[in-house]
Protein chains: 2
Amino acid sequence: MKQITKYVIKNSLKRIFLYRACLVRLKLMGVERVYSYTLANETGVNSDQVRKDFSEFKITGNKRGGYNIDELLEKMESIFHRNKDHNLVLIGMGNMGQALSKYSRFVQRNMNIVATFDIDPFKQKQRSDLPVYSMNRLKEIIDRFRVKVAIIAVPEISAQEVADELVRHGIKGIVNFAPVLLKMPPDVVVNNVNLCDELESVIYYVHKLMKVDGIKNLELLYRDMKY
Amino acid sequence: MKQITKYVIKNSLKRIFLYRACLVRLKLMGVERVYSYTLANETGVNSDQVRKDFSEFKITGNKRGGYNIDELLEKMESIFHRNKDHNLVLIGMGNMGQALSKYSRFVQRNMNIVATFDIDPFKQKQRSDLPVYSMNRLKEIIDRFRVKVAIIAVPEISAQEVADELVRHGIKGIVNFAPVLLKMPPDVVVNNVNLCDELESVIYYVHKLMKVDGIKNLELLYRDMKY
DNA sequence: CATATTTTGTGATTTGTTTCACATCTTTTT
DNA sequence: AAAAAGATGTGAAACAAATCACAAAATATG
Ligand SMILES: NC(=O)c1ccc[n+]([C@@H]2O[C@H](COP(=O)([O-])OP(=O)(O)OC[C@H]3O[C@@H](n4cnc5c(N)ncnc54)[C@H](O)[C@@H]3O)[C@@H](O)[C@H]2O)c1
Ligand SMILES: NC(=O)c1ccc[n+]([C@@H]2O[C@H](COP(=O)([O-])OP(=O)(O)OC[C@H]3O[C@@H](n4cnc5c(N)ncnc54)[C@H](O)[C@@H]3O)[C@@H](O)[C@H]2O)c1
């Protein structure tokens, strides 16, 4: 029962990520407690929204006293299952795959790429920080490290095939950099990251902004962009 | 007059990108005409939505006859200003920058990275397909190629500073890979691409899916994920 | 050429999200 | 200790997005 599988990160979840990043920064600066409007200012949303978002995720603070940063972060960590480590596999060690494999922030956030895979025997021989295996060791590694989430960075043409194999071996979540919609069973989460689209949408909005004349229209446009 | 600047690609715009990719594929397969439900099937949305989206972007077809693929694509090209070329600059030729600079699909979609920049003199000397300049040639290149949109792939710590410089030289749109919110004048469009967040959100939804028991809850979850 | 069929395009309706407004709780001040 | 001030948390209201439903148009059929 395969179907086109894709999802959009809910805006409220996106904002939660924003708040968290902001909290981490404030904590480093020695701040201990924040108010909804503190977070609002720092993240460019409004304070009602901050509180509503918190309410959606069952996060509470102290009336009048705001929120204790440590408590907030702890709650968020448990919401995002960051108290445990998450093992990942990365398929495709081309340009994109190499860059991702070297990205240290994944580890900082408890997401460890335990191994990478490529069909190209040459790529397998290159030495890099992470092992590059051939595809026939996929099952072994996924089982050994109990991997549930994979990153696909193979060419468009191979993406579906690779995704199918991943799912056969028990993968339940995929971040897909190939610009294709994958057909997957409904219990697999697929997040498509399409960098061309991200760029094009900026170009689109820039053109729109340049065409706008009056202040009125500008405000309408900002609304449109969810400013 | 700087402020936190960010925007979210409207879902309707995201879907338009989806339709276009699908149309390109169908055209290659020799298909000439599509119906709203064709696109709906291929992209996993429903056909009412396809028509509503088209209506939002002033795209029309023939009653009973559906849409002619060539006409559709032409209209979309003009909506996205793809009839003209778009020159881009890329700042930061580290792991991410290198990968992006080699991504051929940008060019296929009329987006040309005309030059890249890095403060590291060593990076400037490496030979690559694209020139790697020092930052003091930024203005010259932006002016010469009438660049309006830039890609930031420098470390978090330098991103704001680099963005400020870009804006001083006339850049109006930024795709920012550094995990920081930029403070920008309101007439600059900033699209933050945060790959950690993309991954974490998948982990989040995978956990949610695994916890779900009944079919009922599954449906609720799908709704939540904008399946 | 009249009738049946199919598909678009869009108001009307439903569903979802954001903003508003204020009761409630907590801390500070007098 | 009472009053004032400041912040949260959450229904209600306003706004936005998605789905429904159907008239209107185009094509096919007999
Ligand atoms: N390079 C970028 O900046 C960039 C940006 C956005 C998206 N992408 C997308 O990411 C994907 C990879 O891009 P890239 O530039 O790294 O391409 P690439 O050609 O450099 O790398 C692809 C890698 O995948 C490997 N591969 C191919 N088929 C495979 C298979 N069946 N199983 C395992 N490995 C396989 C190849 O050996 C190669 O190493 C593409 O879909 C591309 O569209 C790339
Ligand atoms: N590598 C990844 O896969 C990845 C993924 C997502 C996001 N990012 C983000 O992208 C950015 C770059 O990541 P990276 O892995 O390529 O880092 P990197 O350290 O490999 O590269 C950064 C490059 O920027 C250059 N630089 C530093 N300061 C500069 C300045 N002021 N002006 C011009 N150039 C400057 C450095 O010389 C270096 O070449 C970071 O913000 C990172 O968080 C990277």
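Quick note: numbers below take in every heavy atom, side chains included, and nothing from hydrogens, waters or symmetry partners. A note on names: the letters A, B, ... follow the listed sequences, proteins ahead of strands, and every chain is numbered from 1.
Listed pair B/Q49 / D/dT19 meets the phosphate criterion, a side-chain N or O lying under 4.0 Å from OP1 or OP2. Remark: B/N46 is in phosphate contact with D/dT19, judged by side-chain N or O atoms under 4.0 Å from OP1 or OP2.
Residues forming a salt bridge (Lys or Arg N to Asp or Glu O under 4.0 Å) with B/R105 (at least two apart in sequence, or on another chain): A/E156. In this structure A/E71 satisfies the salt bridge (Lys or Arg N to Asp or Glu O under 4.0 Å) test with no other residue, sequence neighbours excluded. With sequence neighbours excluded, the residues satisfying ring pair (Phe, Tyr, Trp, His ring centres under 6.0 Å) with B/H81 are A/H207. Residues passing the ring pair (Phe, Tyr, Trp, His ring centres under 6.0 Å) test with B/Y37 are B/Y35, sequence neighbours excluded. Residues passing the ring pair (Phe, Tyr, Trp, His ring centres under 6.0 Å) test with A/Y103, sequence neighbours excluded: A/F106. B/F117 meets the ring pair (Phe, Tyr, Trp, His ring centres under 6.0 Å) test with B/Y133; sequence neighbours excluded.
Shown for residues 31-40 of chain A: residues whose heavy atoms fall under 4.0 angstrom of DNA chain D, namely A/Y35, A/S36, A/Y37. Less than 4.0 Å separates DNA chain D from no heavy atom of any residue of residues 14-27 of chain A. Heavy-atom distances under 4.0 Å link DNA chain C to A/R51, A/K52, A/K63, A/R64 of residues 51-72 of chain A, given in residue order.
Within the structure, the ring-ring contact (aromatic ring centres under 6.0 Å, His included) test picks out the following pairs touching residues 12-31 of chain A (sequence neighbours left out): A/F17-A/F80, A/Y19-A/F54. Screening residues 154-174 of chain A for ring-ring contact (aromatic ring centres under 6.0 Å, His included), with sequence neighbours left out, gives no hits.
With no hydrogens or angles considered, no side-chain donor-acceptor pair links B/E77 and B/N83 at under 3.5 Å. Neither side chain, B/N194 nor B/E198, offers a donor N or O lying under 3.5 Å from an acceptor on the other.
Look at CG on A/N11: it is 14 Å from P on D/dA16, rounded to the nearest Å. To the nearest angstrom, C1' of D/dG9 lies 11 Å from CG of A/D48.
In this structure, the side chains of B/L209 and A/K172 stay at 4.5 Å or more apart for every pair of heavy atoms.
Residue B/A150 comes nearest to B/L166 through the heavy atom pair CB-CD1, 3.8 Å, listed as atom of the first residue, atom of the second, then distance.
Formation of a donor-acceptor pair under 3.5 Å by the B/S47 side chain with backbone atoms of B/A40 is not found in this model.
DNA chain C contains the following stems of three or more consecutive Watson-Crick or G-U pairs, with both distances under 3.5 Å: C:1-30 with D:1-30.
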